[in-house]
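Since the structure comes first, as structure tokens, the remarks are kept for the end.
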Amino acid sequence: MRLNHPNGGHRPSGTRRVRRGAALGLSVVALAAGASATGTAPATAHPKTAPAAAPDCSAAYRIQQKLSNGTTWSMCWRFESKSGLVLEKVSYQPPGEARPIRVLNSAKLAQIHVPYDDGSNEYNDITDYNFGAGLVNMTPAECPGGTIKTVKVPDAYNSENPNIKGLCTTTRARGHAYRMQTDSGKVYQSQGKDLLVYTVNKVSWYEYITEWRFADDGTVSMNVGATGSLSPFDYDAGDGRGWPIGKGATSYSTSHNHNVFWRLDFGLDGSSKNKVEQYDSVVSPPAAGAQAPTNKTTRTPVTKELAGDAKNMRWWRVVSTTGKNKDGHPRSYEIVPGVSSKYPGRAFTRHDVYFTQYNKCEQYANNNLRLCAPRHPATVDKWVNGQALTHPVAWVNVGFHHVARDEDQQPMPVHWQGFSIAPRDVTAMNPLTPPALVTENGRPGSQS
């Protein structure tokens, strides 16, 4: 019997909370992929005419979308019982590029770590509770203008019906992509469009929306939205750590963290041999006679594994070693951190980003349930041990401290956490540049 209990579920004995679903052992993760595509509305997530070559996967496991401005995103997908949706061979082809540009070998969730403020519980929703197995059916209204694919879920909670209509692909407007007014008064503007790929996974009372957003300008945004319900068995935080929910001050909801990890295996220009660079800027007071402070930016090559901390005016990029844009600059993707409440309670949550050398057995940021060598560490922080970075894998940690509020019931509004990777020199100009401005690249008059 599976108990429909929350991230702070029922405490039957008064000492330990029980969550919905049992942890299904320490076996190697079962893999599967979608069985078919089920139409739900006008299918805008499939172009009428095929653009460039599709990824190396069959049509059932392929996502390919040409957006309204001409940008095409293409990728393969599969499904794990733990991480859920895994995207592979992710490529981006903006207008003006003769062929797709590979961005990622693979991308997936690598952990949702949920420790409670009162120290009573600590959960790993990906590895302990078979996050992927909690995939739920979506209605057409949840995938507006798109297509819902059917996924055959390994180790599904409902083993009699493992085929879940649970993978939405659709497009969505995001507002201005750019706006520029010339001296003559002419206005150039474009409204941006994104490809969205998302699932909903239920883990006890929580329902997680795992969203991947692929923009027409080459940006990729990864977000997890938590919604569903507050646990009705968790209104017991009378120790000063909770928040009163409902009338008066009798029900206190226990505060907790959601520490979400993503695993990104970059493959820029089709090669895994990428470089990592860190950039730091330091602002100094105005020098004698100067009008303003100075700002010096320093590039530091990251040649060995790194546990990195986000700081003001610090950023990282992953750089191609094989491809350059039409200006002769190496292509790269910059990691753009989102708002985060970094959790200091565990060693593996104390850093914002990790770059590790690729190891097939290292799949989850903690409680790594893979068949690694004997005594191989089980947490990402311990994988940073001085190895040279020739095939870097990025692990990005974004935390959210959930202090409940009256508005969280009922149902709970979605609270989002995530980050982006943004193209840096992937193309020689803005990939959405209008034809009238294509010659305005670099210093005026410098074009041949």
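The figures that follow rest on heavy atoms only: side chains count, while hydrogens, waters and symmetry mates do not.
- Partners of His401 by ring-ring contact (aromatic ring centres under 6.0 Å, His included), not counting sequence neighbours: none found.
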Item to complete: Could you check Glu80 against Arg78 for salt bridge (charged side-chain N to carboxylate O under 4.0 Å, His left out), going step by step and ending with a plain yes or no?
Response: CA-CA 7 Å; Glu80 292 184 351; Arg78 60 183 176 87; 3.4 Å; yes
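- If you check the side chains of Gln357 and Lys304, you find no donor sitting under 3.5 Å from an acceptor.
- Side chain of Gln417 to backbone of Val398: a donor-acceptor contact under 3.5 angstrom is found.
- Looking at Asp265, its side chain never comes within 3.5 Å of a backbone N or O of Asn105 through a donor-acceptor pair.
- Residue Lys186 holds its NZ atom at 11.0 Å from CD of Gln181, rounded to the nearest 0.5 Å.
- To the nearest 0.5 Å, the span separating CG on Leu195 from OG1 on Thr171 amounts to 8.0 Å.
- Judged by distance alone, the side chain of Asn274 and the main-chain N or O of Thr321 form no donor-acceptor pair under 3.5 Å.
- Taking the salt bridge (Lys or Arg N to Asp or Glu O under 4.0 Å) definition, one finds that Arg375 meets it with nothing, sequence neighbours left out.
- Looking at residues two or more places apart in sequence or on another chain, you find a salt bridge (Lys or Arg N to Asp or Glu O under 4.0 Å) between Arg405 and Asp408.
- Between Arg62 and Glu88 there is no salt bridge, since no side-chain nitrogen of the basic residue lies less than 4.0 Å from a carboxylate oxygen of the acidic one.
- Under the 4.5 Å side-chain criterion, counting only non-hydrogen atoms from C-beta, Pro293 is in contact with Pro286.
- Evaluation of the disulfide bond (SG atoms under 2.5 Å apart) test over residues 164-227, restricted to residues two or more places apart or in two chains, returns Cys143-Cys168.
- With ring centers used as reference points, His415 lies under 6.0 Å from His258.
- A side-chain N or O of Asp327 and one of Asn441 form a donor-acceptor pair less than 3.5 Å apart.
- Counting non-hydrogen atoms of neighbouring residues, nucleotides and ligands closer than 6.0 angstrom, the CG atom of Asn312 reaches no more than 12 such neighbours.
- Here the two rings, on Phe348 and His113, have centers that are under 6.0 Å apart.
- A perpendicular orientation is assigned to the rings of Tyr206 and His256, their planes being inclined by more than 60° (bins at 30° and 60°).
- Side-chain contact of Thr199 with Asn201: a donor-acceptor pair under 3.5 Å is present, judged by distance alone.
- Although no hydrogens or angles enter the test, the distance criterion places no donor-acceptor pair under 3.5 Å between the side chain of Thr150 and the main chain of Lys165.
- Side-chain contact, Trp316 with Gln278: a donor N or O sits under 3.5 Å from an acceptor N or O.
- With a 6.0 Å radius and a threshold of 12 heavy atoms from other residues, nucleotides or ligands, Arg346 has its CZ atom at or below the threshold.
- Taking Phe266 as the reference, nothing meets the ring-ring contact (aromatic ring centres under 6.0 Å, His included) condition, with sequence neighbours excluded.
- Side-chain atoms of Trp383 come within 3.5 Å of backbone N or O of Pro377 as a donor-acceptor pair.
- Closest heavy-atom contact between Pro154 and Ala133: O-CB, 4.1 Å.
- Between the side chain of Trp262 and the backbone N or O of Ala394, no donor-acceptor pair lies under 3.5 Å.
- Val276 is not listed as a side-chain neighbour of Val319, based on a closest heavy-atom distance of 4.5 Å or more.
- Shown here are the salt bridge (Lys or Arg N to Asp or Glu O under 4.0 Å) partners of Glu277, two or more places apart in sequence or in another chain: Arg299, Arg317.
- Side-chain contact check for Tyr178 versus Thr433: every heavy-atom pair is 4.5 Å or farther apart.
- Side-chain contact check for Ser320 versus Lys275: every heavy-atom pair is 4.5 Å or farther apart.
- Ser91 and Arg102 share a donor-acceptor pair across their side chains, judged by distance under 3.5 Å alone.
- Pairs of residues two or more places apart, or lying in two chains, never qualify as ring-ring contact (aromatic ring centres under 6.0 Å, His included) while including a residue from residues 183-204.
- Ring centroid separation for the pair Trp395 and Phe355 does not come in under the 6.0 Å cut-off.
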Report, one line per pair, each donor and acceptor closer than 3.5 Å where one atom sits in a side chain of residues 338-345; sequence neighbours left out.
| from | atom 1 | to | atom 2 | distance (Å) |
| --- | --- | --- | --- | --- |
| Ser340 | OG | Gly399 | N | 2.9 |
| Lys342 | NZ | Asp309 | OD1 | 3.1 |
| Lys342 | NZ | Asp352 | OD2 | 3.0 |

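- Taking both residues in full, the closest heavy atoms of Lys193 and Ser68 are given as CB-OG, 4.1 Å, listed atom of the first, atom of the second, then distance.
- Between the Asp194 side chain and the Leu196 main chain, no donor and acceptor come within less than 3.5 Å of each other.
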Worksheet item: Would Ser271 and Asp269 satisfy side chain to side chain donor-acceptor pair (under 3.5 Å), going step by step from the backbone distance to the final call?
Response: CA-CA 6 Å; Ser271 173; Asp269 291 300; over 6 Å; no
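- Between the side chain of Gln111 and the backbone N or O of Ile126 there is at least one donor-acceptor pair closer than 3.5 Å.
- A donor atom on one side chain and an acceptor atom on the other are found under 3.5 Å apart for Asn366 and Asn124.
- Tyr333 pairs by the ring-ring contact (aromatic ring centres under 6.0 Å, His included) definition with nothing, not counting sequence neighbours.
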Practice prompt. Decide salt bridge (charged side-chain N to carboxylate O under 4.0 Å, His left out) for Lys382 and Glu305; before the verdict, give the C-alpha distance in whole Å, the side-chain angles of both, and the deciding distance to 0.1 Å.
Written response: CA-CA 11 Å; Lys382 292 183 171 59; Glu305 293 175 317; over 6 Å; no
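- Ser83 contributes atom OG, which lies 4.5 Å from atom OH of Tyr364 (distance to the nearest 0.5 angstrom).
- For Tyr279, the ring-ring contact (aromatic ring centres under 6.0 Å, His included) partners are Trp315, not counting sequence neighbours.
- Remark: Glu211 pairs with Arg213 by the salt bridge (Lys or Arg N to Asp or Glu O under 4.0 Å) rule, at least two apart or across chains.
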Item to complete: Could you check Arg424 against Arg331 for side chain to side chain contact (heavy atoms under 4.5 Å, CB included), going step by step and ending with a plain yes or no?
Response: CA-CA 7 Å; Arg424 177 170 285 275; Arg331 293 192 177 103; over 6 Å; no
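- Taking 4.5 Å as the limit, every side-chain heavy atom of Met412 sits out of range of all side-chain heavy atoms of Ser229.
- By the 4.5 Å heavy-atom criterion applied to side chains, Ile164 and Pro162 are not counted as neighbours.
- The two residues Thr71 and Tyr92 have their closest heavy-atom pair at CG2-CE1, 3.7 Å.
- When the side-chain hydrogen bond (donor to acceptor under 3.5 Å, both in side chains) test is applied to Ser190, no partner is found at least two apart in sequence or on another chain.
- Here the closest heavy-atom approach between residue Gln64 and residue Ser74 is recorded as OE1-CB, 3.6 Å.
- Side-chain N or O atoms of Lys82 include one that pairs as donor or acceptor with a backbone N or O of Thr127 at under 3.5 Å.
- Side-chain atoms of Glu334 do not come within 3.5 Å of backbone N or O of Pro423 as any donor-acceptor pair.
- With Asn325 as the partner, the side chain to side chain contact (heavy atoms under 4.5 Å, CB included) test is satisfied by one option alone out of Asp425, Thr427, Val426: Asp425.
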